[in-house]
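Both ligands and their constituent atoms are indexed starting at 1 by order of listing.
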Amino acid sequence: MQNRRRFLTAAACAAGAVFVSPYRPARAAGRPPGPPADPVFGGVVDLSLDAAERPQTLPCFGSKPYPLWTFSARDPLPIVRLKLGDRLRTNVVNNLPRPGEHISIHWHGLRIPIEQDGVPYISQEPIEPGGHCAYDFVPPDTGSFFFHTHCNTVEQLGRGLAGLLIVEGDETEPPDGELVLAVRDWRLGEAGFLPFLTDKGAGNAGTFGTVRSTNGIDGPVLPVPAAADVRVRLYNVDPTRILEIGIDGAEAAVIAVDGHAVAPFPLSSWRMGSAMRIDLLVRTPDAGREASIVDYRVAEPWTVATLSASGEGLRRGAFDPAPLRASRVPKPDLANATTIGFEFASTAVASTLAAADERFPGIDDLCLSDRTFWSINKQSWPADGHNRLPPPLAVLERGRTYIFDLSNISKQFHPIHFHGFAWTHLDSTKQDLPPHLADTVLLVPRERRRVAFVADAPGDWMFHCHLIEHQETGMMGYVRVTG
Ligand code: C2O
Ligand code: CU
């Protein structure tokens, strides 16, 4: 599978050009039943994204409208569906109302060429207001992915600017239904959104929202067929909050982590930091009964969604989830791997400001705060990083296997994300985790974790904490793959 380098042209961007196109759904409604006979298709999907301010209300807002920033007038969180092998051609236009508020699209978790990776100043020019940009690639993997801007992310994501990207073709046995659940908070004030970044939050566990939601609803009740096997694609799209997911009233298995198939294992509890995804297969209860997916990380467990069962009852046998098709991620060659250590730490300024709770003063051109609370290997991403890019955190040779030895020497949790690759989990000093692949791993305080991957694509790949306030206050860098 060398799709990754099939389209080597850079994302084509232009400033000031007029390109306005209404959002179109990825495909017409109606999915063919059953698993594909051949898992590789090869269609072309055209997607238009129009980043703009759209004041609107969501059920979790009460009746009040808030000035959301979204990609689509049709849907505050568009879902783009492709089949494995489909080519996605995206045109994005920046119609955000604020002068200088530039954007770019990062395709989180997709192993695509660096030119399509969507990081301003690193892999493309920022898309200025009035400008547009085209992305063109074939996602090489099936799974549950998403996309978001990579600039002033704390505010842009805080206001809603994201979408989900689902690549189908991994099912070996069709489920009886599918739910897509996107969990996030909103920071609602009396007169609009509250500040998205606070010193107190950035220096600690982040600034939480005031209202929680799944698909814009605080605790939705969703109809499902009774005694059926329903696939649930569960996304944590919050910039901050960590979830601890369990299920009550039904059996469930984890069938994918960050989009990649795992040998199905029973869901007891699974922690998900910002940007992390799991796919579940849930055996729904009998007609008239309910099951709930729950976040147990909070003192008062919060219901992510209630599944309300009705109808005939489709499955009689014991719950026996079929594995998804194996991932196409290249297998690391551990015998010949090079290990590189990374330490995630707080800076001195973080401790002195940890007690402060003032509004964050300003975000610079690269959309990063001018304070650094966090570092990777003692290096903090500089506030004016677009003027003086820091050196890479590591330089890797294309084609070789690397083990990243990730060490959290701080008191906070950090969901650590690496662009463009999927890591194979090796081991952890703090958590007993099953074999899985991930693009974002949640390091608990004092944890040391090893992950491995093949550096099969050249480029400068961002490597950062996905707790966005940590990312924007220093915990970001990049790794260069040469060749
Ligand atoms: Cu979703 Cu650089 O991240
Ligand atoms: Cu962090």
Under the 3.5 angstrom rule, does the side chain of Ser48 hit a backbone N or O of Asn91 as a donor-acceptor pair?
-> no
Could you tell me whether Asp295 and Arg212 make a salt bridge, using a distance below 4.0 angstrom between a side-chain N and a carboxylate O?
-> yes
Total protein N/O/S atoms sitting under 2.8 Å from atom 2 (Cu) of ligand 1, waters ignored, is 3
Which protein N, O or S atoms does the Cu ion (ligand 2) have within a distance shorter than 2.8 Å?
-> His414 ND1, Cys465 SG, His470 ND1
Assert yes or no for the condition that the ring centre distance of Trp107 to His148 is strictly below 6.0 Å.
-> no
For this output row, return yes or no: ring centroids of Tyr478 and Trp461 closer than 6.0 angstrom.
-> no
Could you pull out the closest heavy-atom pair between Lys430 and Pro445, with the gap in Å?
-> CE-O, 3.7 Å
Using the ring of Phe145 (Phe, Tyr or Trp, six-membered ring only), decide whether Arg81 places NZ or CZ under 6.0 Å from its centre and within 45 degrees of its axis.
-> no
Is Arg480 paired with Asp460 through a side-chain N to carboxylate O contact shorter than 4.0 Å?
-> yes
State yes or no: are the ring centers of His464 and His150 separated by less than 6.0 Å?
-> yes
Would you mind checking if Asp141 and Arg328 are paired as a salt bridge, meaning a charged N to carboxylate O distance below 4.0 Å?
-> no
